[in-house]
Every structure is written in structure tokens, then in C-alpha cells.
**Student:** 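Shown below is the structure under consideration.
Here is the naming used below: chain letters follow the sequence lines, and residue numbers restart at 1 for every chain.
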Amino acid sequence: MINRTKLISRTYDLPEGHTLAAYESVGGYKSARKALAQTRDQVINEVKAANIRGRGGAGFPCGVKWSFMPKASAKPHYLVINADEGEPGTFKDRTIMEKNPHSVVEGCIIGCYAIGAHAAYIYVRDELHLSKERLWQAIHEARKAGYLGQKALGFDYPVDVFVHTGAGAYICGEETSLLNSLEGRRGEPRLKPPFPAQVGAFGCPSTVNNLETIAAVPLVFEVGGDSFSQMSALHHLKDGGVRLFGVSGHVRTPGVFETAVGLTLRELVYELGGGPLPGSKVLGVIPGGSSCPILRPEDVVNAPDEKSPLHPWHGKPVFDVPMGVDTYRALGTMLGTCCAIVLSDKADPVLAFHNIMRFYRHESCGQCTPCREGTGWIERILDKLVAGEATMADIDLLHEIGSNIIGNTICAFGEGAAMPVLGFVQKFRPELEAYVNSKGKSGTGRLAL
Amino acid sequence: MPSIKIDGREVPYEPGDTIIKAAHRAGIDIPHYCWHPGLSVAANCRMCLVEVVPPPGKGNVMRLDVLRWDAASKKYVSDKKPKLQPACQWSCDDGMQVFSESSPHVSEARKAVQELLLLNHPVDCPICDQAGECRLQDYWLEHGRYRKRMKDEIIHKPKAVSFGPTIVYDAERCIVCTRCVRFVEEVAKDPVLEKRERGNLGEIFVAPGRTLDNNYTLMTEHVCPVGALTAKDFRFKARVWFLRTARTVCQGCATGCNAYLDYDPRSMKVYRHRPRENAQVNQYWMCDKGMLSYREAHERRVLRARVGGNEVGVKEALEEVKALLAGVKGDKVAFVLSAQHSNEDNHALVSLAKGSLGGADFFLTGRAPGQADGVLMVEDRNPNTAGAIQVATTTPPRQMSDLLEAIKNGRYTHVIALGAEVPVDAKTLAGLERLKTVVIAAHEGPLTRVAKVVLPACSWAEAEGTYVNAKNLAQRSERAITAQGDSQPGWQWVVAVAQALGHKIGFSKLSELRKSLSGAPTAASASV
């Protein structure tokens with residue numbers, strides 16, 4: 001049963017829901033007041049108890065991340081919010097910025113306090129003009145109300161928030177590239193260590209949180225960390241609370257939906273998404289943004305090991321596994337951003353594969369060899385395949401190039417680009433071979449329906 | 001000392017060392033393109049990936065899912081591989097185990113990187129100046145050895161782009177390792193290069209409105225591990241495999257940068273100077289001026305003896321010297337040491353003065369000072385000022401201006417000088433023309449123009465010599481080519497002059513001279 005909630009999205013349907021008045025009418029800024037009355041450690045422990053797994057894709061626990069920040073240091077600390085939202089198929093953060101920007105500002109106040117920062121930078125993808133405008137508006141309102149400033153919410157703790165615009169590179173969603181870009185440098189991932197908590201923005205200790213993660217923080221102080229975590233069906237896997245799920249592609253009612261963590265892919269696609277378009281079936285679903293390997297309806301969970309988080313679903317369809325960070329990792333895919341892309345059987349998976357790999361070739365920053373050259377090689381092979389010029393030997397290269405990118409790059413972009421390759425070749429090898437044999441005429445020839 | 005194991009071999013390390021640094025020190029080669037011991041770590045080429053097993057109790061190796069194709073069953077098979085780490089970035093930890101040559105996963109990764117680096121490379125080795133000293137070539141043999149699988153047209157990028165007066169860039173050959181970018185920023189302190197575009201379209205470019213024209217432009221060519229940056233000076237001049245190399249000391253200034261002097265043994269022609277690593281002196285670097293000074297081996301040379309401006313044979317010249325100096329008293333002779341000549345040459349002249357002629361009036365000449373650049377180049381543009389002063393021991397040489405003053409007062413009748421350069425205005429040398437002057441010099445200069453007799457000396461390229469730099473470090477420079485024309489090492493000329501005058505000087509071979517010199521505080525700390 002779907003446990004739909006209306007917490008992060010509580011202002012979405014209110015008239016002028018993005019304003020301070022609307023936000024306060026549903027209890028806004030009470031959580032920050034509660035948090036700032038506590039000690040820093042209390043705040044971090046509360047968020048740890050809430051088990052908020054990072055909503056940007058990697059799923060790192062937010063409270064644990066905050067605890068990495070030094071307690072005392074000579075340098076200023078910074079909170080950086082990642083709102084670059086560039087993962088194809090992902091459009092959840094945008095709804096928060098447009099419809100509930102004050103939850104972000106409130107989250108920033110709590111986050112800054114927890115990590116000892118006095119400034120938060122929200123790094124927003126360039127194209128999201130309304131988002132930037134709404135965030136600035138919220139910041140101005142909060143400053144005017146005295147919620148931001150030298151005495152945030154009247155406490156003796158200065159906090160200010162700024163919006164910073166990206167320049168349209170996917171790689172700047174990677175946290176260290178984002179920091180470089182924020183500093184006015186070329187958006188390339190940094191080497192780690194040092195990690196941002198040691199050397200982050202402007203050489204100072206910093207925490208980078210996804211925008212939805214920070215927007216969920218006020219909810220923790222509203223209901224209590226443990227209660228927040230308990231809302232999730234995966235509380236036992238330390239994957240707590242509620243989150244936004246998106247669904248797009250070949251479904252009847254695409255959109256963003258808020259539910260408790262633990263929703264299944266079947267529920268997301270067939271119920272919230274309204275199921276496949278009339279007269280078609282689901283061919284496959286990319287669960288959490290384009291870098292997550294594709295799942296097919298006929299895929300079955302194979303987890304005979306009792307220790308596996310997936311064991312309870314052993315032998316059942318993967319579409320019925322609750323969508324959690326650890327469950328999906330165990331499936332060999334990723335939960336990513338929780339925004340699924342649905343592919344219909346009327347569409348051509350080879351074209352979808354080609355489209356995704358074009359994207360990764362275009363967005364590779366080119367810093368390290370495997371990703372720079374590997375993504376380009378994969379795209380070329382698929383270019384030829386689609387044009388009917390590829391050979392079987394070319395297809396045999398794809399998994400090898402992908403496997404040699406995985407693990408060998410500076411940042412996770414390499415895996416993000418290579419994992420879909422491994423997913424597509426495993427699940428659509430016959431279709432790829434048919435393209436070779438028919439000289440590119442075997443598919444439906446359509447990607448959009 | 002803490003240690004790690006590389007392929008089973010115990011390798012000690014210093015705290016803070018990365019794996020590649022510890023290996024480098026132990027003489028173990030971990031293949032790399034972007035890493036350079038004198039630059040910051042970029043870790044972008046991924047050639048130095050190694051398998052790292054942390055010390056017991058300090059974490060596990062992450063294992064990653066990869067895919068293999070089983071041709072027999074026509075099925076994909078899941079496989080695992082350990083997460084590899086770049087040796088240039090990964091810090092040593094006591095008891096850590098590293099598998100480099102011995103790991104099949106590492107071999108696979110390096111082969112893959114090698115193939116990817118050459119994927120869009122033009123492989124134009126026959127017309128590339130880097131050929132013969134290119135890592136793409138070396139590592140293909142060592143780690144690649146695959147057959148080309150990408151058979152499509154490569155990605156074309158700008159070629160033969162002039163970066164400035166000295167350097168040409170070929171973006172197709174570039175592997176974007178950013179060594180040049182890091183060098184100009186970190187060492188030359190002139191961040192004039194950057195990377196632009198992204199993915200496999202990346203290339204290096206010069207900041208708009210600028211050219212690559214600092215004092216260290218040629219170094220960018222030397223840090224470039226491939227043929228992307230080539231020096232205009234060396235382009236299409238020689239194949240490096242025909243060149244032989246001598247370990248020399250740069251003659252450009254008192255820093256005394258350690259260098260390699262490359263020459264063609266068939267034509268005895270010198271082609272270039274390259275930096276030679278010395279942590280105490282120049283680290284890994286040399287300035288443009290120093291590198292281009294290899295030309296001095298052939299340019300402006302004195303190759304024949306001259307008497308009164310006319311070329312003569314060696315014998316005739318010595319007879320003229322004998323006639324000039326016959327019966328002269330040592331105190332009427334000014335002995336001019338040279339900051340451009342080696343300790344050996346200067347010591348010979350000192351020996352002639354003190355031992356044979358009974359003189360003790362020494363002066364020091366050399367090139368006029370220039371500007372220090374705060375990196376390598378110092379004001380003193382002579383390689384052996386400190387050495388010449390040391391060699392004179394108890395009778396320190398005086399300035400050139402003192403000599404001119406003394407000449408004006410009629411103090412001297414004769415001058416015996418090493419070197420042709422003077423740090424004073426050439427016009428003020430007019431007084432010298434009236435004296436009986438013998439100059440032993442490798443190059444034309446103000447002194448050779450006023451000398452009665454000029455004896456052709458070998459340049460540093462043709463003679464072994466010891467030079468003491470500004471930090472008082474004595475360094476030996478090897479001979480590269482054979483003597484040109486009638487030239488002989490400066491000290492040999494001095495010996496010949498002594499013999500012509502019927503004096504004994506105490507040495508006639510280099511080994512004897514060095515024995516005689518060893519009383520002076522010089523050759524002991526020679527670095528070569």
C-alpha cells in the first residue's frame with residue numbers, strides 16, 4: 001500500500017505556497033527555532049536518528065556527514081547545497097525550489113548551525129530560472145523577518161544564505177566539481193582526500209548536501225528524528241523518512257510524488273505514474289536517473305543469502321522491492337535520485353541506450369583518461385550501430401570499455417556512465433545484435449511516443 | 001623507518017610519501033604520464049593505478065562489479081575486480097601491500113588506459129620530434145601490445161599551434177595530463193596555460209591576450225610526456241636516437257643548473273640542453289636562456305690561434321707568446337682569471353703565475369650581471385665566480401675596474417687572461433691594447449679584440465671541468481664533443497705557455513692537475 005505523505009510538499013498546493021506567509025501557516029521555521037535552542041551535537045544526533053540518506057544519488061547518511069565537520073577550526077565553515085539537478089529524468093529538487101523554497105532556507109539555518117557554518121551557498125543549475133528567483137525571494141523574506149542575518153531567528157548565531165548559478169555542466173553536480181565551479185574555477189572533480197569536510201569551498205571545511213536532503217531537515221525537528229525515520233518501511237535498513245519520487249517517460253501521469261521511503265517501483269510506475277501508455281507495456285525502467293542500470297519487469301530477485309538486504313524478496317520480481325539505497329544497491333542498480341524513467345515496448349531500447357551515452361560523452365569533463373576517451377568510444381560505437389554500420393566485434397567492446405571505466409576514474413561520473421552500459425548490454429543484447437544484422441533497421445525507430 | 005611492500009619487495013618510505021614517490025626513490029618504476037616529482041598531483045592519466053591492500057585492520061579492498069563476455073556460452077558473466085588506486089595520489093601506510101606488476105587487474109587497467117590514450121592519437125611518430133623519448137611509445141611496448149580496435153577516423157583538433165616564440169602545440173597528440181599547465185603555474189609562477197573544452201575535445205590553450213613567453217617556456221616541452229609540445233628550436237632538427245648525451249653544468253649563470261648536453265657523435269654537433277635532476281641545485285628545471293645556451297658550443301667560437309688579428313698555427317702562436325713574455329718579471333704581469341672558466345683552467349693560470357712567473361696580481365673577469373628572476377636565474381651570469389675566487393686562494397682576485405685603473409698608472413706591461421668577456425664597457429679596454437696581452441678564450445669577446453695573441457680554448461662542451469656555483473657547490477661537467485678547430489682546454493694552453501717559456505708547472509695531464517688542485521676546497525663535493 002502506498003503511504004503518501006505531504007510534508008516536503010505541504011505548501012505545493014497552497015495559493016502563493018512559496019511565500020513566507022504560506023510556509024509559516026503550516027508551521028514553518030518552528031523547527032529551526034527548536035534546533036538552534038539545542039547544542040550542535042544534539043542537532044547532529046537528531047538528524048542521525050532520522051536516517052536521512054542523501055537524496056542526491058549516493059545515499060550517504062546526512063547526520064553522519066555533518067559529524068565529519070571539525071568541531072573547532074581556525075577557518076570558517078560553509079554549507080553548500082547542491083541544486084544542480086542535472087541527472088536526466090530528475091526534476092524533484094526543482095519542485096521544492098519553486099513551491100517550497102522556505103523549507104530550503106530553514107534547512108540551511110539548521111544545517112549551518114549543526115556544522116558551525118555561518119553561510120550557505122545554494123548552487124542552482126543555470127536553466128532553473130524560476131527556482132533561482134523563488135529561492136532569492138525566500139531569502140529576502142527571511143532576511144527581512146530576521147530569520148537570516150546576524151541574529152538568525154533571534155538567536156546569537158549569524159546565518160546567511162546565497163544562491164549561486166551554475167553554467168550548465170552536468171559534472172558540476174558532483175560535489176567537488178561544484179565547489180570548484182562555486183569558486184570560479186573549471187568545473188572538474190577534485191582528488192579525494194582531502195574530503196570537503198577538511199578542505200571544501202574556498203579551502204575551508206564544508207558540507208555539501210543535496211537540496212531535498214536539506215529541505216527534509218526541518219521535518220526531523222518537527223516530529224523528532226526517530227519518528228521521522230520510522231515513517232519509512234526501510235527504517236530497519238537505516239533508510240528513513242519521506243522523500244520525493246519522480247516518474248517520467250512512457251507513463252500516463254508523469255510527475256513528482258511524495259511518499260514514505262519504501263515505495264516499490266511497481267507502485268511508482270503503475271499507480272502513481274498511471275501505468276504504461278495505452279496499448280503498450282513497460283519494457284524497462286531506469287530507476288533513479290540515467291546512470292542507474294535499467295530494470296526489466298521480468299527481472300527476478302536472486303538473493304539466497306540470508307544476510308542480503310534483498311533476501312526477503314528472493315524469487316520475487318524486482319519491481320516489488322522497496323526502493324531504498326541499500327536494497328537497490330544490492331540489486332546491482334542504484335536508487336539514485338528516485339526519479340524513474342519508464343521505457344515502453346513501443347520505443348527502441350537501442351536508441352535509448354544511444355541517447356544516454358551521447359549525454360555522457362557530452363558531459364564528461366575530460367579530466368581523466370578512462371572516462372574522457374571511454375565515453376567517446378562507446379558513443380562512437382553506438383553512433384555506428386544506429387547508423388547500421390557496426391559489427392558484432394563492436395558490440396563485444398561495449399562491456400569491456402565500460403568495465404575498464406568503472407573504478408578507474410577520479411569521480412563517480414565514470415561509474416555513472418559505465419553502469420548503464422553494462423545494464424543495457426546485459427538486458428538488450430539480442431536487440432543490439434539485431435541492429436547489426438539488419439543494418440540498423442530492426443528497431444521501432446522511435447524513442448519518443 | 002616505516003615501509004610498504006611493492007610486488008613483494010620491501011620499500012621504505014618517508015611520512016607523507018605517496019606510493020609512487022616511495023617507489024621512485026627505491027628505483028621502482030610505476031608507469032605514469034601526468035605525475036611529475038616536481039609538480040602537484042593531478043592523478044588524471046590513471047596509468048599508475050595499482051592494487052592496494054591496506055595494513056591489517058585498516059579497512060578492506062572494495063570490490064567492484066564488472067562484466068565479461070563468455071564467447072562459448074554467448075552470455076555475459078558477472079565478475080568482480082578490486083578498486084585500484086592511483087599510486088601518485090595514494091599515501092603510504094606502514095605494512096601496506098601494493099601490487100603493481102604482479103596484479104592482473106593492474107595490467108588490464110594499464111593496457112586499457114594505454115589503448116584509450118592512443119584512441120584518438122594520430123600516431124604520427126615518423127614526423128614527431130618526441131619519437132624515441134615518448135611515453136606513449138615506451139608504454140605501448142611495455143603495457144599495451146594490443147591491435148588497434150578503434151578503426152574510425154580520429155577526432156581532429158588544432159595542430160601546429162604557436163604558443164609563443166619557442167613552443168608549438170599539437171592538440172591531437174596531447175593527452176591533457178596538464179603537466180604544462182601545472183608547471184607554468186607552480187614553478188614558472190606565470191599561469192598562462194589552461195585547459196579548455198571538455199570530454200575528448202579537451203585541449204590546452206594560452207590565456208587570451210598572452211603568449212607563452214616567460215623564462216621557462218622550453219620546460220613545458222620537457223615536462224610534456226608526449227609530442228604535444230615541441231620546441232621550435234629543436235623541431236625537425238635531429239632524431240633523438242642518434243644523439244649521445246653528456247652530463248654537463250649550464251654556463252648561463254651562477255646557479256649551475258645540471259644539464260644534459262645532447263650531440264650527434266657523427267657530426268660532433270651539439271643539438272640541445274636538457275635539465276638534469278639535482279635536488280640541491282635546479283630540481284628538475286632549467287631556464288630558456290640556459291637551455292638555448294647549448295648554441296654557444298658552436299657560435300662565436302675562437303677556433304684558430306691569432307697573432308695581431310691574423311690566424312696562425314698553434315706552433316707560431318706559442319712562439320709569439322714566448323717572444324712576448326721573454327724575460328718578463330712576474331710583478332709586471334696582470335693575471336686575469338675567468339668566472340666563465342673551470343677551476344682547472346683557473347688553477348693552471350694561478351700555478352703559472354705563482355709557480356713559474358712569480359706573480360701574484362690576480363683579477364677576475366666574466367659576463368656583466370643580469371637580472372635575477374626569483375626562480376633559477378641569479379644576477380651573476382657566470383658559472384664559476386666562486387670557483388675562480390677559491391682557486392686564487394691567498395691572493396684573491398680584484399675587480400676588472402681595478403685592473404684598468406692600474407694599467408692607466410702604468411703598473412703592468414703584460415696581461416695573461418682567461419676568457420673574453422668583461423663586465424665593463426668595451427671602450428674602457430682601450431688601455432689594454434698598448435700592453436702585451438695574451439688571451440686564452442673559447443668565444444669571441446672584448447678581450448679577444450684587444451689581445452696581441454689569442455689562443456683558442458675549448459668550450460664547456462669539449463672539455464671536462466669543475467664549476468662552483470653561487471651556493472658554493474662544486475660540480476663537474478663532462479665533455480660532450482671533441483675539440484673543435486685548434487682549440488684545447490684552457491689549462492692545456494697554460495701548460496703549453498709554461499713549457500714554451502721553459503718553466504715547470506707541475507702537471508701536464510688532467511689527473512695531475514686535479515691532484516694539484518685538490519688542496520683547494522673544490523672538487524671534493526663534485527656531484528657528477
Side-chain angles (χ1 to χ4, degrees), chain A residues 169-171 185-193 293 329 332 360-377 379-381 383-384 389 391 393-410 414-415 418-419 421-423 425-427 429 433, chain B residues 33-34 40-47 49 62-69 71 74-76 78-79 81-86 88-91 105 108-121 149-153 155 175-178 194-203:
Chain A
Y170 172 73
I171 194 61
R185 297 165 192 271
R186 186 180 159 87
E188 273 183 350
R190 296 176 180 175
L191 304 179
K192 292 189 263 189
R329 197 169 285 158
Y360 284 107
R361 199 280 298 158
H362 186 255
E363 295 296 339
S364 167
C365 79
Q367 185 177 200
C368 60
T369 311
C371 170
R372 175 179 72 232
E373 299 295 342
T375 53
W377 197 2
E379 189 210 15
R380 280 185 158 210
I381 291 171
D383 280 348
K384 285 202 290 180
E389 293 161 7
T391 63
D394 287 329
I395 296 181
D396 285 341
L397 287 172
L398 292 168
H399 72 279
E400 191 190 317
I401 303 168
S403 294
N404 278 324
I405 295 175
I406 285 177
N408 292 355
T409 53
I410 291 173
E415 278 86 38
M419 284 174 67
V421 177
L422 305 194
V425 297
Q426 278 184 96
K427 293 188 177 167
R429 174 95 191 186
E433 289 185 0
Chain B
Y33 289 97
C34 69
S40 63
V41 171
N44 61 33
C45 76
R46 315 311 274 184
M47 194 64 188
L49 290 172
M62 200 198 294
R63 298 191 71 79
L64 306 167
D65 293 305
V66 291
L67 211 56
R68 315 240 176 245
W69 174 250
K74 296 209 159 221
K75 268 190 181 141
Y76 286 106
S78 292
D79 196 4
K81 70 168 182 183
K83 162 93 176 133
L84 305 178
Q85 303 295 355
C88 68
Q89 187 201 345
W90 214 249
S91 296
H105 300 290
E108 186 185 353
R110 287 180 185 165
K111 187 174 178 176
V113 167
Q114 187 59 30
E115 183 174 23
L116 291 167
L117 285 176
L118 284 172
L119 203 70
N120 285 301
H121 188 282
R149 299 191 288 185
M150 208 286 288
K151 301 201 170 87
D152 309 311
E153 187 72 19
I155 292 172
I175 59 166
V176 214
C177 71
T178 68
E194 236 321 346
K195 190 164 123 190
R196 71 175 165 207
E197 277 299 341
R198 62 190 188 194
N200 57 12
L201 301 176
E203 59 170 306

**Student:** Heavy-atom pairs under 4.5 Å with chain B - which of A:G376, A:C365, A:A418 has more of them than the others?
**Tutor:**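 Of A:G376, A:C365, A:A418, A:C365 has the most heavy-atom pairs under 4.5 Å with chain B.
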**Student:** Please look at B:L116 and chain A and tell me whether the side chain, the backbone, both or neither of the residue comes under 4.5 angstrom of a heavy atom of that chain.
**Tutor:**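 Both the backbone and the side chain of B:L116 come within 4.5 Å of chain A.
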**Student:** At a 4.5 Å cut-off on heavy atoms, which part of B:L119 comes close to chain A: side chain, backbone, both, or neither?
**Tutor:**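 Only the side chain of B:L119 comes within 4.5 Å of chain A.
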**Student:** When A:S403 is tested against each of B:L64, B:V66, B:D79, B:D65 for side chain to side chain contact (heavy atoms under 4.5 Å, CB included), which residue passes?
**Tutor:**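 When B:L64, B:V66, B:D79, B:D65 are each tested with A:S403, the side chain to side chain contact (heavy atoms under 4.5 Å, CB included) holds only for B:V66.
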**Student:** Could you tell me whether A:E188 and B:K195 have a side-chain N and a carboxylate O separated by less than 4.0 Å?
**Tutor:**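 Result for this pair is yes, salt bridge flagged.
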**Student:** Please classify the contact of B:A42 with chain A as side chain, backbone, both or neither, using a heavy-atom distance under 4.5 Å.
**Tutor:**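 The backbone, not the side chain.
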**Student:** Could you look at A:V421 and say if it's the side chain, the backbone, both or neither that has a heavy atom under 4.5 Å from chain B?
**Tutor:**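 Neither part, no heavy atoms under 4.5 Å.
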**Student:** Heavy atoms, side chains only, cut-off 4.5 Å: are A:N408 and B:K81 in contact?
**Tutor:**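 Heavy-atom side-chain distance check passes, below 4.5 Å.
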**Student:** Select one option (side chain, backbone, both, neither) describing which atoms of A:D396 are under 4.5 Å from chain B's heavy atoms.
**Tutor:**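 The side chain, not the backbone.
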**Student:** Using a cut-off of under 4.5 Å for heavy-atom pairs, which of B:K75, B:Q85, B:K151, B:K83 has the most such pairs with chain A?
**Tutor:**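 Among the listed options, the one with the most contacts to chain A is B:K83.
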**Student:** Pick one of side chain, backbone, both or neither for A:A169, based on which atoms fall under 4.5 Å of a heavy atom in chain B.
**Tutor:**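 Both the backbone and the side chain of A:A169 come within 4.5 Å of chain B.
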**Student:** Can you tell which of B:C45, B:S91, B:C34 has the highest number of heavy-atom pairs within less than 4.5 Å of chain A?
**Tutor:**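 Winner by heavy-atom pair count: B:C45.
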**Student:** Given that the side chain runs from C-beta out, which part of B:E197 has a heavy atom under 4.5 Å from chain A: side chain, backbone, both or neither?
**Tutor:**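 Interface part for B:E197: backbone (N, CA, C, O).
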**Student:** Testing the basics here: between B:V113 and A:P370, what is the closest heavy-atom pair and its distance to 0.1 Å?
**Tutor:**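 So the two residues come closest at CG2-CG, 4.5 Å.
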**Student:** Quick one: does A:R372's side chain get under 4.5 Å of B:L117's, heavy atoms only?
**Tutor:**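 Yes. Closest side-chain heavy atoms under 4.5 Å.
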**Student:** Answer yes or no: is there an ion pair linking B:R149 with A:E400, defined by an N-O contact shorter than 4.0 Å?
**Tutor:**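 A:E400 and B:R149: salt-bridged.
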**Student:** Look up atom CG in B:N200 and atom CZ in A:R380, then write down how far apart they are to the nearest 0.5 Å.
**Tutor:**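 Result: 7.5 Å between the selected atoms.
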**Student:** Could you label the plane-to-plane angle of the A:H399 and B:W69 rings as parallel, tilted or perpendicular, counting under 30° as parallel and over 60° as perpendicular?
**Tutor:**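 The arrangement is tilted - the two ring planes meet at 30° to 60°.
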**Student:** May I ask you to name which of B:M47, B:E115, B:E194, B:K74 has the most heavy-atom pairs under 4.5 Å with chain A?
**Tutor:**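 The residue among B:M47, B:E115, B:E194, B:K74 with the greatest pair count is B:E115.
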**Student:** Counting only heavy atoms closer than 4.5 Å, note whether A:R429 contacts chain B via side chain, backbone, both or neither.
**Tutor:**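 The side chain, not the backbone.
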**Student:** Roughly how far, to the nearest 0.5 Å, is the CG atom of A:L191 from the SG atom of B:C88?
**Tutor:**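 Between B:C88 SG and A:L191 CG, I get 7.5 Å after rounding to 0.5 Å.
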**Student:** Only pairs of heavy atoms separated by less than 4.5 Å count here; which of A:I410, A:I405, A:L422, A:I406 has the most with chain B?
**Tutor:**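 Between A:I410, A:I405, A:L422, A:I406, the count favours A:I410.
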**Student:** Nearest 0.5 angstrom please: B:M150 CE to A:D394 CG, how far?
**Tutor:**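 It is 10.5 Å, given to the nearest 0.5 Å.
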**Student:** For A:K192, which atoms come within 4.5 Å of any heavy atom of chain B: side chain, backbone, both, or neither?
**Tutor:**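 Just its backbone gets close to chain B.
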**Student:** For the interface with chain B, which of A:Q367, A:Q426, A:R186 has the highest count of heavy-atom pairs at distances below 4.5 Å?
**Tutor:**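 Top option by heavy-atom pairs under 4.5 Å: A:R186.
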**Student:** If only atom types and distance count, is the side chain of B:R46 paired as donor or acceptor with the main-chain N or O of A:T409 below 3.5 Å?
**Tutor:**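 Yes; at least one donor-acceptor contact below 3.5 Å.
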**Student:** Under 4.5 Å heavy-atom distance to chain A, tell me which part of B:R68 shows up: side chain, backbone, both or neither.
**Tutor:**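 When you check distances to chain A, only backbone atoms of B:R68 fall under 4.5 Å.
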**Student:** For the pair B:R198 and A:E363, evaluate side-chain contact (heavy atoms from CB on, under 4.5 Å) and give the outcome as yes or no after the intermediate values.
**Tutor:** CA-CA 7 Å; B:R198 62 190 188 194; A:E363 295 296 339; 3.2 Å; yes
**Student:** Name the region of B:E153, side chain, backbone, both or neither, that has any atom closer than 4.5 Å to a heavy atom of chain A.
**Tutor:**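 It is the backbone, since no side chain atom gets that close.
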**Student:** Contact part of A:L397 toward chain B, heavy-atom cut-off under 4.5 Å: side chain, backbone, both or neither?
**Tutor:**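 Interface part for A:L397: side chain.
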**Student:** Might you confirm whether atom CZ of B:R63 has over 12 heavy atoms from other residues, nucleotides or ligands at distances under 6.0 Å?
**Tutor:**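 Atom CZ in B:R63 is packed in, count exceeds 12.
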**Student:** Quick one: which of A:M419, A:H362, A:R361 has the most heavy-atom pairs under 4.5 Å with chain B, could you say?
**Tutor:**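 Option with the top pair count is A:H362.
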